[in-house]
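Below is one structure, written out as C-alpha cells; the observations come after it.
All heavy atoms count here, side chains included; hydrogens, waters and symmetry mates do not.
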Amino acid sequence: MLARFMYNYRSIIFADRSDRYWQLGYAGLLLAGLLFFVSCAFYKEMWFDEAYTVAMVRHDFFRICEITALDVHPPLYYMLAKLASLVWGQDIVVYRLVSVTGMLLFLLLGVIHIRRICGNRAGLYYTFFAVSLPVMLEYSGEARMYSWAMFFVTSAGIYAYLAYRQNQRRHWVLFAFFSLGSAYTHNYALLGAFFINLSLLTAVFSRKRYLLKPCLVTILAQIILYLPWLFVLISQVVAVTKEYWIVINYQHLLRDLLVFYFAENLPASATWLLSFGWLAVCGFGLYTAFTQKRHYAGLALSSLAIYLAVIGLALLLSQVKPIFITRYLMPNSGFLFIALACGLAAVRRQGVAALLCTAIFIASSVNFYLHYDKIYNPRNNDLRADIAYSLNPDDIFLYTDIHPAGIYMVAFPNHQHYVFLPGGQEESKPNPFQPELKLIYDLNVLADYKGRIWLIESANSQLLYGHLGKSEPLFTVIDFARIYDMPYLSHKGFVFVGSLLQKETGPVPPLPAQE
C-alpha cells in the first residue's frame, strides 16, 4: 500500500512539474497585464470620448438608455460604469478601472478556456498577445466600452464552440448571455455576435442536426431579449445614413488595418516590421495547423473567418455611408488573437516563435514607457490649471468645437458652457452634457451677459478669437490666446487655444462672411 501511495505521489509530482512551467508563464503574463493596465489608469486628464462617459454616468439609468437610444451606442457599458460609480464614486479613475476589469477578464479567457480547448501553447500565446500588443495598453486604460466588448464577444464565441462540442445546457445559456452582452455593448460586437450565431447555426445544420433544437431556442431567446433595442438600432441606422462623422481614407486603409495593433506609440518602421513579422509567422503557422489537421485548426479558421467577415460587412455597408474606423477592430480582436495564437503554436521551429515574442515584448516595453510618459506628463494639466488659477464664480465658457466643450464642462461643472455653431440648427437628440453645456447658433444669446468669458477653440480654427478679440468693441481681451499642446490630448488630435475675454452688455454683430 505504501509503495502504491508513493507511486501515485510521484506520478502527481512529475505531472505537476511538467505543467509548472506553463503555470508560471500564465501567472507571469497575468501579473504583467495587471501591472501594465492598472498603472496606466490613474491619470486625471481625459479626451472627449471619456468626458462623454463621465457626462453619461451622471444621469440615471433610464436617462442613459434614452440618450444612447438617440446616439449610436448601446447602453450596457455606461450602465456598468454607473454601477461602479454608485459604489466607488463618480471619478474618471473609477471608470478607467472598469475598463481595466474588462481587459483582465479578456486575458483570463486565455487561461481558463483557450488553453483547455487549443492547448497550453496556444493559450499562452493568446494571453501574451492580449497583454503585449501596444494597442491593448491604449484601450485598457480609457473610460470606454472596448475592453468589455472584446470580453463579451470573445466569450460568446468560446461558449458557442463549447455548446457545439459538448452540448451542455450551461454552455448554451452562457453563449446566449455573452452574445446579448456583446449586442448591448457595441454595434461592432453585435456584428461579431451575429456571425457567431450564423456560423453555429450553419455548423449545426450541416453536421449535428440533433443540436438544432437547442441552437434555435438559444438564437430565438437572443432575438426576443434584443428586440427592445432592435427598433432603436433601426432608428440609429436611419440617422447614420443621413449624417455621420466618419470619413474612410481608402488609399491608406490597408496600411492602417495591417499596422493597427502596433501603431500607438512606436516609430513607423518598427510598426511595419513588427506587424509584418507577427502576421507572416502566425499566418504561416496557421497554414501548417490546417494542413496537419491539428485539433484546433477548425476553431482557428472559424475565428479568423468571423473577424474578417465583420470587417468585410462593415466595408460593404460603408459604400452606402462610411461607418468604419480602425478602432472598431477592437471588439472582435479576440478572434484574431485565437487564430494567430493557434498559428504560432503550430510553427515547427518554436525558436522563431520565441524570437517573435521577444521582439513584441521589447516593443511592448518601449510602448509602455512612451505611453506612461505621455499620459502622466504634467503638461496635460496646463490649460485646466491656468483656468483654475484665476477662475471667478460667475465666469462662463465659450467654444466653437464640441470636443474642448465636453472636456472642460466635465472639469468645471459649476459654470455655464456654450458651444457656438454658426449656421447650425437646433438638435432634438438629448445631450449628455446638459444642462451645463448648451449649443447656441447665435452669439446674441449672450447679449445681456456682462462678465468674463473663457474662450477655448481648436488651434486650427480660431473662429471667435479672431473676430471678438480684435474687431468687436464689446469684448476686451484680458489674456491673449495661448496655445496648449498637451501630450495626451495632442496624441488624440486635439491642440487647444485658450484666452480670457471681458464682455459688456449689448448685441453682438454677426461674424464676417466666409470667403
Side-chain angles (χ1 to χ4, degrees), residues 26 30 74-77 79-80 83 98 101-119 122-123 126-127 130 145-205 207-208 210-230 296 298-300 302-303 305-307 310 330-339 341-342:
Y26 283 113
L30 291 176
L76 181 56
Y77 164 74
M79 291 184 169
L80 292 174
L83 288 171
V98 170
T101 302
M103 194 64 79
L104 292 175
L105 290 173
F106 178 71
L107 296 186
L108 285 172
L109 293 178
V111 180
I112 298 173
H113 291 298
I114 305 301
R115 73 177 182 88
R116 293 177 179 172
I117 297 171
C118 303
Y126 167 93
T127 310
M145 70 286 295
Y146 290 102
S147 63
W148 282 95
M150 291 171 62
F151 168 67
F152 282 133
V153 75
T154 309
S155 297
I158 289 171
Y159 280 105
Y161 176 81
L162 291 174
Y164 175 77
R165 298 288 294 183
Q166 300 178 15
N167 190 28
Q168 294 186 17
R169 179 177 297 179
R170 64 186 179 93
H171 292 153
W172 291 106
V173 171
L174 287 171
F175 160 54
F177 173 81
F178 286 117
S179 189
L180 280 167
S182 303
Y184 277 105
T185 301
H186 195 281
N187 287 335
Y188 273 76
L190 168 65
L191 291 181
F194 167 75
F195 281 112
I196 293 168
N197 279 271
L198 181 62
S199 300
L200 178 62
L201 182 60
T202 302
V204 166
F205 188 79
R207 297 182 180 181
K208 293 187 177 182
Y210 64 91
L211 295 179
L212 202 55
K213 181 179 179 180
C215 181
L216 290 175
V217 168
T218 304
I219 293 175
L220 181 62
Q222 292 177 54
I223 293 173
I224 292 173
L225 292 173
Y226 187 70
L227 201 58
W229 198 258
L230 180 61
Y296 49 70
L299 175 62
S302 298
S303 299
I306 291 172
Y307 177 80
V310 171
M330 289 301 292
N332 297 286
S333 292
F335 296 125
L336 179 66
F337 294 176
I338 290 172
C342 289

Check step by step if side chain to side chain contact (heavy atoms under 4.5 Å, CB included) holds for Leu174 and Ser155. CA-CA 8 Å; Leu174 287 171; Ser155 297; over 6 Å; no

Would Tyr26 and Arg115 count as a side chain to side chain contact (heavy atoms under 4.5 Å, CB included) here? Give the steps. CA-CA 10 Å; Tyr26 283 113; Arg115 73 177 182 88; 3.0 Å; yes

Side chain Trp148, main chain Val98, donor-acceptor under 3.5 Å: yes

N/O donor-acceptor pairs under 3.5 Å from side chains in residues 218-228, not counting sequence neighbours:
from, atom 1, to, atom 2, distance (Å)
Thr218, OG1, Pro214, O, 2.7
Gln222, OE1, Ser179, OG, 2.6
Gln222, OE1, Asn197, ND2, 3.1
Gln222, NE2, Asn197, OD1, 3.0

First locate atom [atom1] of [X], then atom [atom2] of [Y], and finally report the distance between them rounded to the nearest 0.5 Å.
{"X": "Phe106", "Y": "Phe337", "atom1": "CZ", "atom2": "CZ", "result": "5.5 Å"}
{"X": "Leu107", "Y": "Tyr126", "atom1": "CG", "atom2": "OH", "result": "7.5 Å"}
{"X": "Leu216", "Y": "Phe205", "atom1": "CG", "atom2": "CZ", "result": "9.5 Å"}
{"X": "Leu191", "Y": "Asn332", "atom1": "CG", "atom2": "CG", "result": "7.5 Å"}
{"X": "Ser199", "Y": "Tyr164", "atom1": "OG", "atom2": "OH", "result": "11.5 Å"}
{"X": "Ile338", "Y": "Thr154", "atom1": "CD1", "atom2": "OG1", "result": "6.0 Å"}

By side-chain contact (heavy atoms from CB on, under 4.5 Å), which residues pair with Tyr161, not counting sequence neighbours? Ile117, Arg165, Leu299

For [X], side-chain hydrogen bond (donor to acceptor under 3.5 Å, both in side chains) partners two or more places apart:
{"X": "Trp172", "answer": "Asn167"}
{"X": "His113", "answer": "Tyr159"}
{"X": "Tyr188", "answer": "none"}

Locate the shortest heavy-atom distance separating [X] from [Y]; write the atom from each residue and the value.
{"X": "Ala189", "Y": "Val153", "result": "O-CG2, 3.8 Å"}
{"X": "Met150", "Y": "Met330", "result": "CG-O, 2.8 Å"}
{"X": "Ser182", "Y": "Phe152", "result": "OG-C, 3.1 Å"}
{"X": "Gly192", "Y": "Ile306", "result": "O-CG2, 4.2 Å"}
{"X": "Gly157", "Y": "Phe335", "result": "CA-CE2, 4.0 Å"}
{"X": "Ala341", "Y": "Ala122", "result": "CB-O, 3.4 Å"}

Taking side chain as C-beta onward, heavy atoms only, is Leu30 less than 4.5 Å from Leu104? no

Do the side chains of Phe151 and Phe178 get nearer than 4.5 Å, heavy atoms only? yes

Holding to ring-ring contact (aromatic ring centres under 6.0 Å, His included), I want the full list of residues that pass it with Tyr77, two or more places apart in sequence or in another chain. none

